[in-house]
A.B. asks: 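Starting off with a structure, shown below.
Values reported hereafter were calculated over all heavy atoms of this structure, with side chains retained and with hydrogens, waters and symmetry mates removed. Every chain is numbered from 1, with letters handed out A, B, ... down the list of sequences.
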2 protein chains.
Amino acid sequence: MDRRQQKTRNAIFKALSTLLETKRYSNITVQEIIDEANIGRSTFYAHFETKDELLKTLCTDIFSHVFSDELMSEKTHDFSGGNTGLEARLTHILHHLKDSEKNIVGILSCESGELFMRYFKGYLTEMFSKYLNEVKVNAPADFVLNHLVGSFAETVKWWIDNKMKYTPEETTRYYIELSCVDRVTD
Amino acid sequence: MDRRQQKTRNAIFKALSTLLETKRYSNITVQEIIDEANIGRSTFYAHFETKDELLKTLCTDIFSHVFSDELMSEKTHDFSGGNTGLEARLTHILHHLKDSEKNIVGILSCESGELFMRYFKGYLTEMFSKYLNEVKVNAPADFVLNHLVGSFAETVKWWIDNKMKYTPEETTRYYIELSCVDRVTD
DNA sequence: ATGTTAGCGAACATATTGTTAGTTTAAATT
DNA sequence: AATTTAAACTAACAATATGTTCGCTAACAT
């Protein structure tokens, strides 16, 4: 890809991230992004149709790093150690999110966080479905799946909001402790 | 309060609700609300400073019904039956949300849901703190509290998104089954 | 009956949006 | 190195949304 495009793209991403540190997503205008990124008006619209599409793309970019192919693959030796591999996978996610911290914090606060969480839960749902058969609880499968995904997503959001005050390993451990996935081994 | 004010207020609330059925919150303009409510421009601004304040007020209104004083009071005989009273309280909440269904569905989808959930979690946090001492798990208290609140909020959101296909009683039962609050009685 | 107040309608400056056209500059290709 | 390709720039555009103000009318409370 043309270096100019990449440069512009990054400038736009960075501009949005920067603005998100001080303003809510809905109060940020395309104009401000343009000014902050220091690009021409038409250039922005050449890259993204709307502000929303920009946010979507930013989220997709972040998650493509977090949920790598190896993470999502059925069985990888890296993740099959320990209990069921779930703990390793979750820790892996938290570590990657920690790396993207600067970008994420702004997005997660306020309404833009809704989109982020929706994407996040989408990936998580795919991942957790594999472990659903290990859970023996008296509740419908779709209910359990949503509970696992929702509670983990909320845990991560809380973890980030609270400056990641626990290590990824601790956080995962606590989560598993509270979840129904470890009921099997009880 | 002047009947005219109440009438206008309701017209605005209803207009927003109606619009939320077909459009995302961020794409709804004050102009559209004015047209839908069939009121004068200056009238809207006499009631609410911004679109956001309107949404905030709508949420507050809904929750003031759901989280009544008796529900939040330390001990009420209505809620002290059963396990710990928690189950009764949660069921009570679900029943009330079911009554407000028409208003809520639109709000919950997309970014406006973020505000709704934040408010919701705020009330829930207050309520769940009372039950925190009943949970004996190897994890920090703030972590547990967030997990309880977050997972219940997500469960409710999922329940509403899925047309409330389980009864309030079933839903609460499943939730308690998956939560760490019933570990005590294990 | 009378003073009070909410709502109306129109107009206003200001700002944002999304698009277009012509030009400049930087990259890719030969 | 010269040429071609295309990305980015400037500036201008109509259309729309915002938030405020005015005088006027009609409904309300007492």
A.B. asks: Quick one: which of D:dA17, C:dG7, C:dT16 gets closest to the side chain of A:Q31?
C.D. replies: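 That would be C:dT16.
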A.B. asks: Which whole-number value in Å describes the distance from A:Q6 CD to D:dA6 C1'?
C.D. replies: 16 Å
A.B. asks: Would you kindly give the CD-to-C1' distance between A:Q5 and D:dT5, to the nearest whole Å?
C.D. replies: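 So the two atoms are 12 Å apart, to the nearest Å.
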A.B. asks: Tell me: CD1 of A:I28 to P of C:dA15, nearest whole Å?
C.D. replies: 19 Å
A.B. asks: Can you give me the dot-bracket string for DNA chain C, 5' to 3', counting Watson-Crick and G-U wobble pairs with both distances under 3.5 Å, using [ ] for crossing pairs and | for partners on another strand?
C.D. replies: |||||||||||.|||||.||||||||||||
A.B. asks: Less than 4.0 angstrom from a charged side-chain N to a carboxylate O is my criterion; do A:E169 and A:R173 meet it?
C.D. replies: no
A.B. asks: Quick check against the 3.5 Å criterion: does B:S68 have a side-chain atom that pairs as donor or acceptor with the backbone of B:H65?
C.D. replies: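 No: the side chain of B:S68 does not pair with the backbone of B:H65.
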A.B. asks: What is the distance from CZ of A:F44 to P of C:dT20, rounded to the nearest Å?
C.D. replies: 17 Å
A.B. asks: Quick one: is A:H47 getting a side-chain N or O under 4.0 Å of the D:dA7 phosphate, OP1 or OP2?
C.D. replies: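 For A:H47, the contact criterion (side-chain N or O under 4.0 Å from OP1 or OP2 of D:dA7) is not met.
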A.B. asks: Tell me which nucleotide among C:dT17, D:dT18, D:dA8 gets nearest to the side chain of A:V30.
C.D. replies: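 Minimum distance to the A:V30 side chain belongs to C:dT17.
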A.B. asks: Quickly work out the B:I34 CD1 to D:dT18 P distance and round it to whole Å.
C.D. replies: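 Going from CD1 in B:I34 over to P in D:dT18 covers 8 Å.
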A.B. asks: By the side chain to side chain donor-acceptor pair (under 3.5 Å) test, which pairs, at least two apart or in different chains, include something from residues 140-155 of chain B?
C.D. replies: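 As it turns out, the side chain to side chain donor-acceptor pair (under 3.5 Å) pairs with a partner in residues 140-155 of chain B, which skip direct neighbours, are A:K121-B:E154, A:K165-B:D142, A:Y166-B:D142.
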A.B. asks: Find every protein N or O atom lying less than 3.5 Å from an N or O atom of nucleotides 28-30 of chain D, and list the pairs.
C.D. replies:
none

A.B. asks: Within the 4.5 Å heavy-atom criterion, are B:K14 and B:N10 side-chain neighbours or not?
C.D. replies: no
A.B. asks: Is the phosphate of D:dT20, meaning OP1 or OP2, less than 4.0 Å from a side-chain N or O of B:Y45?
C.D. replies: no
A.B. asks: Could you give the NZ-to-P distance, from A:K23 to C:dT16, as a whole number of Å?
C.D. replies: 9 Å
A.B. asks: Take the protein atom CG of B:N27 and the nucleotide atom C1' of D:dT16, then report the distance between them rounded to whole Å.
C.D. replies: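 Checked: the CG to C1' distance equals 14 Å.
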A.B. asks: Between A:D2 and A:K7 (salt bridge meaning N to carboxylate O under 4.0 Å), is one present in this structure?
C.D. replies: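 So A:D2 does not pair with A:K7 through a salt bridge.
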A.B. asks: Of A:I104, A:I107, A:I12, A:L115, which is the lone residue that meets side chain to side chain contact (heavy atoms under 4.5 Å, CB included) with A:L58?
C.D. replies: A:I107
A.B. asks: Contact class for A:T8 vs. all strands (heavy atom < 4.0 Å): base, sugar-phosphate, or nothing?
C.D. replies: sugar-phosphate
A.B. asks: Please determine whether any donor N or O and acceptor N or O are separated by less than 3.5 Å between the side chain of B:R41 and the base of D:dG19.
C.D. replies: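 Present.
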A.B. asks: Work out how far the C1' atom of D:dG19 is from that of C:dA10, and round it to whole angstrom.
C.D. replies: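 Each nucleotide's C1' atom is 15 Å from the other's.
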A.B. asks: Between P on D:dG19 and CD on B:E53, what's the gap in Å once rounded to a whole number?
C.D. replies: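 Interatomic distance, CD of B:E53 to P of D:dG19: 11 Å.
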A.B. asks: Would you say the ring centroid of A:F116 lies under 6.0 angstrom from that of A:F63?
C.D. replies: yes
A.B. asks: Do B:S42 and D:dG19 have a side chain to base donor-acceptor pair shorter than 3.5 Å?
C.D. replies: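 Side chain to base: no pair below 3.5 Å.
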A.B. asks: Please state whether the rings of B:F13 and B:F48 are parallel, tilted or perpendicular, taking 30° and 60° as the class boundaries.
C.D. replies: tilted
A.B. asks: Charged N to carboxylate O under 4.0 angstrom, B:K51 versus B:E32?
C.D. replies: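 Judged by the 4.0 Å cut-off on N to carboxylate O distance, B:K51 and B:E32 do not form a salt bridge.
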A.B. asks: Which of parallel (below 30°), tilted (30 to 60°) and perpendicular (above 60°) describes A:F143 and B:W158?
C.D. replies: perpendicular
